[in-house]
Structure formats: structure tokens, C-alpha cells
Amino acid sequence: MDNENQNENFSFVESEKKILDFWKDQEIFKKSLEQTKDCPPYIFYDGPPFATGLPHHGHLVASTLKDIIPRYFTMKGRYVERRFGWDCHGLPIEHEIDKKLGMSAQDAVEKIGVKAYNEECRGIVQRFTSEWEKTISRIGRWVDFENDYKTMDTDFMESVWWVFGQLWEKGLIYQGTKVVPFSTALGTVLSNFEAGSNYQDVQDPAVTIFFKLKDEDAYLAAWTTTPWTLPSNLCLCTNADIKYVKVRDEEKQITFYMAEARLEHYSKKNTLEVLGTVTGADLKGRQYEPLFPYFADLAEENCFQILNDDYVTTESGTGIVHIAPGFGEDDNRVMQEEGIKASVCPVDDAGKFTNKITDYAGVYVKDADKEIIKDLKERGRLYERSSYLHSYPFCPRSKTPLIYKSIPSWYVNVEAIKEKMVAANKQIHWVPDHIKEGRFGKWLEGARDWAISRNRVWGTPIPIWINDTTDKRICISSIEQLKELSGVELSDLHRENTDDVSFSIPGEEGTYKRITEVFDCWFESGSMPYAQLHYPFENKEMFDAGYPAEFIAEGLDQTRGWFYTLTVLSAAIFDKPAFKNVIVNGLVLAKDGRKMSKSERNFTAPDNLMEEFGADALRLYLITSGLVKGEEQKFDDKGVKDMVRTALLPWFNSFKFFKTYADLDGWDPAKHYVEGDNITDNWLISNLQTLKKNISKEMDAYQLYNVVPALFTFIEDLTNTYIRLNRGRFWAEGLEADKCAAYSTLYTALQELSISMAPFAPFFSEFIYQELKEMNSSSDAPESVHLCTYPTADESKINSLLEDAVDRMNQIILLGRQKRNQVKIKVKTPLQELTVIHKDEALLKEIARLENYIKTELNIKSVSYDQDEAKYINFFTKPNFPALGKRLGKQMGKFTGLIKKLSEAEIAKFERQGSIELDGEVFTQGDIDIFREAREGHDALSNSLISIELNCELSPELLREGLAREVINRIQRSRKDAGFNVGERIALTVKSDDNLQLAIEEHQEYICGETLTNSISFSSEGSYDFEFKIDDYSLEIALTRV
RNA sequence: ACGCGCAUAGCUCAGUUGGUUAGAGCGCAUCGCUGAUAACGAUGAGGUCCCAGGUUCAAAUCCUGGUGCGCGUACCA
């Protein structure tokens, strides 16, 4: 491999593509599974996406999480199967077909039949699978697409039947009429989640209507925004505790009742005279005349009377609510509670009045509003008409307003198992944790029965057969059971095959026929843990061993979706949670803080991003953000670019540095691996162990957002401390022990880093791993970084004292640079002396071990140490608040003042004796913090932990040495420009001013050594290839190859 | 409307159980470094920690009430 060339043109994107090929050709994913197949399983559930859309940023976040965790646990020695899943059924698919055919599903079924309709659906379900596979693979997610599960597979559907059968046996299924959100365009009931997904602010007509009391020449004023429900009115409702007034509108010649609190509102346009006051309770039981004749006979069933309920308020309207139990859940409830069973719902599936409503039969309800209002006006029953702005649910598919109507539906009695669900939730570890008790916990507590039937075509048929004579019901929960009863053995369970299967049972009259409804597709995705394995028909042991799953990860929107349905079914059947750990990711917003929207074009397509910056950068960006703890994140492409810059490039550069020199020296880990005792080597190795320890702690808690920053810090330490300080060791001639130790340390760090990073940045980790592997002449290392064991910390190599010491050294270097900046002396100009000041002798000794690094970094001739801080530094003290606050409580204020006022002498005494008494209170070490700041008039600097003094006096000698360094710099630049290789030796001709020449002569040996120059000749004439200005001096040089 | 979350530098975000000098990166300015560097390093400017109360010796942090944003829930007739 031509490494030289490859490095010059290294591209993360190209490298990733090569690695994708490598994984594919060598079947690394498969091998990782084979390698772990006897290990304890780690069960991961993949939530199935709808296959109708393309993957977006939200899927990428989830996909990254769904890749990192399984990779990590695989490397930890677990067997992690990853099956992709597809949600195939449901409205989105049917809606696509309806659009294509240009008609509703009902019409389509009538014209072409169930079979042909389902064929259409089946045909488009997998339309985008190749795009999904492409994007998911590109981001580096390893998932089994071949062995995927589809909710339309016969095995899957049969397990769904089994799940339903379980609920049926436990008595959790019932048929009821409930008032539900209904889409008149789709002709179907919507689930709660669907109904809530599209609220819009709309203007609806708001009318105040009079109902004539039977026993008095007065009316009741009721207010409604749905005039079309008035023909179905069966009762009126007041609040027992609200005061009502009887008023007279002389102008309109009418007397009526309304809430006192609403009087003000109605008095604005009308002159009203109050005749008397009653409570809602007083009104209860009084009868009124039906507004319309259609259901007048229901008066026999106690309709057309006034009821009481607390849900009536006086925030709007008249405080008297019109009740149409067919169209309102509260309405229905109030009447049920009063024991009135009557309910009417004279509206068909298309939202049109039935023949019962003779005057408006066939009219779409919203269209009927106007005519009804007109009719009421003519009859003198309309008091006021206005419009009302409120948010109203719309059908998310057809964008038409939903109506609420009562419909026969099949329900899961969720309320009966609420406690089980709450108990199951207690066993789940949520990231972020507030969802457990918050959003999800609250949702469970308020859970309501779940309508699972849909009057649809493309779905899993609900396996209930009803006897057409006796109304006896049988739930069938397997293909086998159906065969036993009917003699028909089905290989596909869709409606075209099941609808016509009927049977009778010997000794019973009548024929059993299947109901026509299919399942809500959420029931199917909630059945996924069982159905993907075709449990219990197959894989019984496998399921039992791995349930509940260890881990799932989905977006915050699934709180009410998949997280919920999994929990409902699992609690109902097994009284357990379905999963133990869940990471909930937040919503990805566009850069401008709004939702990402295709029409707004306010984001870059995922594929383009990966084409520009690579998948690793994208992955790292996503999982370092708040997205992995359920927070939203404004997605900025620049953030992805920054990941390249702040993490991947330094990592790459440190590797490239290593490789450049190791190749030059022919260093081979198999032959030249040495553990030396260099202090920075020990430090880096110690740092590495600490890193591994922290990673494993955070990963155990599924807190990914803490893992990657720790890795970044390590990369930073590696490049800006370890390599920077040790460059000289790699430049040394030959392969001495110390140099081998340096190589070995760097090799170990890079290798372990690549393995540690593998779950997070799987591509670049692989790249580094392969490169390092290639350098090893006798490597029996695994073929891929992803087949390695995840490194664990060797705690015996952790030396926290040393880690601290290096921190302090870095502080000293920073202070030195700060000082040089202040006095404007470049690092190239050497300074004579640095004094490190600290009272602690042991610390000074520790720092002295790092003296050479300090000298080099700050370009200092000598370092001295001084324990007598008072010479340079002022002290000031502050109480250690956390410690003292608890002890002193209210007295804290007083002592804070005393402590801050301590004199230098008292502080010195305190330091010497280790304690001090103030106003009767004894303070010991740790109670008082001592801070340091440089004393004025000194060249000292302090960061309150450590202090330095830098001798900034310059002598001509020092200045000339500085000049020599400048010359080296110019020669190196020239070498590079002239195209010399790193190792090539040169001869130099120099033309310069006298003082500069003196500097060069004085430091000739040093200059030659640094620049690989064999000889320097001086000239005073002619002109040369390279010309420079150094301060006020001019320098011209020419280079020739030797 | 209710529930949950969020609000910190021009921008994107850290900020442990309350603890007194509130941090990082980007951007900006200045200086420097560069034979691992698509780079980088240092220094500096930049803050009403959304607002108002409260608890406390002490509040960015806890409580209450607002405001704004997001998500979720909701037939308020």
C-alpha cells in the first residue's frame, strides 16, 4: 500500500467507503455474531419504522444509538442479535393506495375487491427498503436486513393472533360503543395517538339555542359549536353548584334560563332583566320539548330532561350544555351515569346524515350546520350566532376535520391492568430518567382503554368469529385452531383469505363468521417481542431466555406509541416490562430552531452530510448532543464539521505522526515493544486506564453523552500534551530503549483508543486499527477492530498523583506563556530562569521530575524552586463553604468576614500549625482555603494553585540564541518549499547582517543538527533563493542537496 | 387548557448533592507556533445565568407565580 500517497490525500469519506467494502467482503458483522453466539445473549428490540417514508435525521439519531449499544455489548462479550423490522400495515400504506387509485378504500374494495386492494398495498410496502438499507448502512449501523421481520409476515401475524388470544382469555377484550375520533374522509376510527397529531386553530360557528321547558313558559339557552349535533340532542346539562338566572329579553319577547356568570357576556348585545335565581341542582330533572322531531319518541326512555354534571363550566357559552351522547364522550358518560341508555348516532361513515334525519339525509354534517342554523332561526329558536376560534383535531392523513362519534369497536381493557403497567414501569431504566415518573409515568396513570379495531382492509384481521344465530363468539389464536374448526389451513392471514372462512360447530345452530375489522397497527408493533420470533409457535426457549429485552431506543414521540404499546401488552400477558433499559432521543430541529421540513429546505439531507464529512463525524455530533437524553437539538452542519476538526483530525494526526516515524525506524511492536519508566509514558498509560474506567461506568448507566467527551479529552491529552512534549524522543537517531518505549506507549494508546472508540466511530477506529495491525509483523490480532474485546481498565496502572502533577505542569506552562505574552518576548528567545513557587516540598519534587518538559516548552535555561511563597505572593483566604456551611449554619456570615480578614501573619501561622481559633471556633486544615496572587512589583504570576516567577531579563547572548532559532525556522520553511524530504541532508549558503551572522556562528552546531545541514558557508554578495526579515535583520539563504 | 421538558456569552452548549472568581467550543481581536497539523497554541473582549417573589448564613442550582419555546395530552359544549 502506498501510504505516503494515501496520507497526503487522506479523506475520511473515502476511507469510510473502503471500510464499508471491507466489512461487506469479509462479512465482519456476521463474524462478530458467530464469534459471540455461545455468549450470554443481550436482547435488543428494533422498533419498526413505517416503510412509506425515507429515513430522516431523527432516524439517524436512533440508528446511531441502536448501533453503538449493540456494538459495545458485543465487544463486551455478549451475543447481540440485531434484526431490522418493518411496520407494513396501517393507514399510511392504505392512504398511499387511495391516492393512487383516486378513491376511498371502501369504494376501491367494492370495485376491485379486498384481494386486489391488498395486492396493491403489498406492492408498495417495500418501495423504499433499498433506500433505507443504503442510508442505514452508510451511517455504519450493523443490522440484519436479510433476516428482518415484517408485520405482514404470516408468522408475525399468527403471533399477533396469539397475543390477542391471551388478552381474550384474560377477559381483557370487550366490544363497546365509545365515542371516538373519526375521520369521515377515511371512513375510519383513529387511535388516540393519530387523532392528537394534527390540531389546528379553526373558526367554528357558535350558536345559542333555546329549548322550550315543558312545565313553564320559559326556555333554556344552550350554546354549541357543532350545530349539526343538535338533531341528535337527547338531554341538557347544568352544573349543580352553578347559579342560574331566569331572565327576560323584552325586545325579543322571550324568557329563559342561563348561568349568572354568563349574564355579563350576553348583556352586551341584549337588554336582559333578571327575574329570579336558581341553582343547577334546582333545574335537574325538569323536562323540555325536543328541538327536532326525529327522536321525540325517546322521551319514553327519560330523554329530554335536565341532568347535572361537574364538567359544565361557565368559561364560555351559557352554562347549559346540550347533550348528544352519540357525539361526545362526556355526553355519553353523563347519560350513562344517569342510567339513560338511549343513544343515537344518525351519521354514516362518510360523515353524512342517515335517513333518520329526514330533512338533511345525505348531507355532510359540517355542510348541514348552515341549514340547521337557518331552520332554527326561522323557528325563533336561535338567540345568538357568532363564531368561535378554537383548536380542533384534524385527520393527519386527509387534512379534514375529525368528528367524534360513537361506533362499535373492540377494546383492550387497559384500565384493568393499569397497576401492572405502573409496576412494570418501575423496573425500567429510562434515559433521561425524568420520563419514567414524568411523561411516561403520568401517561400510564391516566391510561384509558385502547380501541384496537379498525374498519380497514390492509392489516392483520382480528380473529373473532361470531355465530350468526346465537351471537356466541370464538377467538382463534392460531392457524392450527382455525384449521381444526373450519378445515381450512391458511398460509396467509390477510382478509382476502380469512374473510370467507366460516364454520359451524356440531350440536350448535348457526354459522360462525369472522368480524371484518383488522387490528390497529400499533397492536402489531406492540406485539413485536413475541411476533418477531413467532412465539410461542417457535423459539420458545429463546424468547423465555431473553425477555424482557435489555435495550431499546426510540424517539420521544414513542412515549405514547411503541413504548406504551409494548408495555400494555407485556404487562397484560406476562406482568413484566418488555424492556429493561431505554434511551429516549429528542427531536432534531433545523438550524433555525424550527422543525425540519422538506418544503422549507432548511436542512441538509443525511446522505449529503455523510458524503461531505463522513458518518463518524455525524454519529459523534449526534451523540454528543442533548439528543441522547431526550432534549431537542438545533442541528447545524457546522457542528458535524467541527467533529472532524476537534476529534477526528487530531486523532488522525497523532496516528500519522506515529506512523511517519515508526515507518522510518522500522519499528515493529512484535519486536520492539518496551515498557520504559518515562514519566510521561506512565502518565499517558495512567490516563488511558482512567478513561476506560470512566467509559465503563457511563456505559453501564447508558449515559452516552458522558462517554464521548471523555474520549475527546483523551485525544486532546494525547496530541497536545503527550506528543507535543515527546516529539524530541521520536526524532532521536537509532532505536534506543527510550525511543522504543515512546513508540510502545503511543502504540498502546492509539490501539486502545481505536478499540474504545469502535462503537462510536466505527469507521475511523477500523482504519487506525488496520493500520496498526499492518505494522505488527506477527499479529494474531482479530481481523477487525469490531471483533476485539472491549478494553477494561488496569487500575494498578492508574497513578492519580502523576495525573495531578502533569496538570500542574501544564498550569506552569500556561502561566509562563501568559508572562511571555505580557512582556512580549517570543518563546523562540530563551530566558534564563524560571522559579516555581509553592510551599509544598513534595509537590516541588514531583514537578522537578517534569523539569525538562517545562524547560523545552517555555524555552528556559534553568528552573529553580522556592518554598518561600511570601517573597512573591499575597495570600487571601476564604472559608471552605460546603464544609463549614453545614457546621456553622447561621453563624456562617460572621465567620466568613473573620476568615476573609485574616492577616498574612495569621495565615502563615495557620499553615504552620494546621489550625486557628477565631471567636471561639477552631478551624483546621480544609476548613479554610488559601488563595495566592502575585505581589505587585514582582514578575510573578499565580493561578491561585501554583505560582511562578519568570526572569525576563534579556542579554545579548540570549537574544542571539533566539535569533539562531529564528534562522532554524526559516531554514526549515525553505527546506519544505524547496521540496526536500524530511531525512535529506543539505548544504547551506547564507548572506546576513553581522549580528545575525554572529548568532549563526555561535549556534552553528545547533542549527545544523536541527536542519540536517552538513555545512554552512557565509557570503556577502549575490542574491539567494530565499529571503527573510528577522526583526531588523535580513537573511538570504540557498540550499543544495548533499 | 392541562402535563412534561427547556431557557446560561453574538451562536451551539457544559455547569455534580445549593457554596461566593459561572465554564467550553465556534465567531471576533491580538500575538505566537508549525517537517504529525484540512491545522494548532496563548492572550483578550464578551454574562441582568428569562422575569418577579420566596426559602437559606449562601441560589444559575431549591420553592411559588409569570413569560417565551418545544413536545405530549385534550371533542372544553
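Just so it is clear: chains get the letters A, B, ... in the order the sequence lines come, proteins before strands, and each one is counted from 1.
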Query raised in the report: Is atom NZ of A:K894 surrounded by more than 12 heavy atoms (other residues, nucleotides or ligands) closer than 6.0 Å?
Result: yes

Query raised in the report: Closest to the A:W443 side chain: B:G19, B:C33, B:U73?
Result: B:U73

Report summary line: Closest to the side chain of A:K629, out of B:A14, B:G35, B:C26, is B:A14

Just the atom pairs and distances: protein N or O near nucleotides 39-45 of chain B's N or O, under 3.5 Å.
unit_1: B:C40; atom_1: OP1; unit_2: A:R645; atom_2: NH1; d: 2.5
unit_1: B:G41; atom_1: OP1; unit_2: A:N720; atom_2: ND2; d: 3.4
unit_1: B:G41; atom_1: O2'; unit_2: A:R817; atom_2: NH1; d: 3.3
unit_1: B:A42; atom_1: O2'; unit_2: A:N821; atom_2: ND2; d: 3.1
unit_1: B:U43; atom_1: O4'; unit_2: A:N821; atom_2: ND2; d: 3.4

Query raised in the report: Starting at CZ of A:F657 and ending at C1' of B:U34, how long is that distance when rounded to a whole Å?
Result: 13 Å

Report task. Please work out if A:G328 contacts a base, only the sugar-phosphate, or nothing of the nucleic acid, heavy-atom cut-off 4.0 Å. Result -> base

Query raised in the report: Within the structure, does a side-chain N or O atom of A:N880 lie under 4.0 Å from either OP1 or OP2 of B:G19?
Result: no

Report task. Look at the side-chain N and O atoms of A:K442 and state whether any lies under 4.0 Å from the OP1 or OP2 oxygen of B:C4. Result -> yes

Query raised in the report: Just checking A:T559: base, sugar-phosphate only, or nothing, at a heavy-atom cut-off of under 4.0 Å?
Result: nothing

**Report entry** For atom CD of A:Q891 and atom P of B:C57, their distance in whole Å
**Finding:** 11 Å

Requested in this report: State whether A:F182 and A:K405 meet the cation-pi test: NZ (Lys) or CZ (Arg) under 6.0 Å from the six-membered ring centroid, and within 45° of the perpendicular axis.
Outcome: yes

Query raised in the report: Side chain of A:I723: nearest nucleotide among B:A77, B:A36, B:G72?
Result: B:A36

Requested in this report: Specify whether A:F1026 and A:F1028 have parallel, tilted or perpendicular ring planes, treating 30° as the upper limit for parallel and 60° as the lower limit for perpendicular.
Outcome: parallel

**Report entry** Nucleotide of B:G19, B:A77, B:C71 approaching A:M892 most closely (side-chain heavy atoms)
**Finding:** B:G19

Report summary line: When rounded to whole Å, the CZ to P distance for the pair A:R560 and B:G3 reads 13 Å

Dump the pairs, protein N or O against N or O of nucleotides 11-13 of chain B, anything under 3.5 Å, distances to one decimal.
unit_1: B:U12; atom_1: OP1; unit_2: A:K634; atom_2: NZ; d: 3.0
unit_1: B:C13; atom_1: OP1; unit_2: A:Q633; atom_2: OE1; d: 3.1
unit_1: B:C13; atom_1: OP1; unit_2: A:Q633; atom_2: NE2; d: 3.4

So which protein nitrogen or oxygen atoms get under 3.5 Å of nucleotides 59-65 of chain B's nitrogens or oxygens?
none

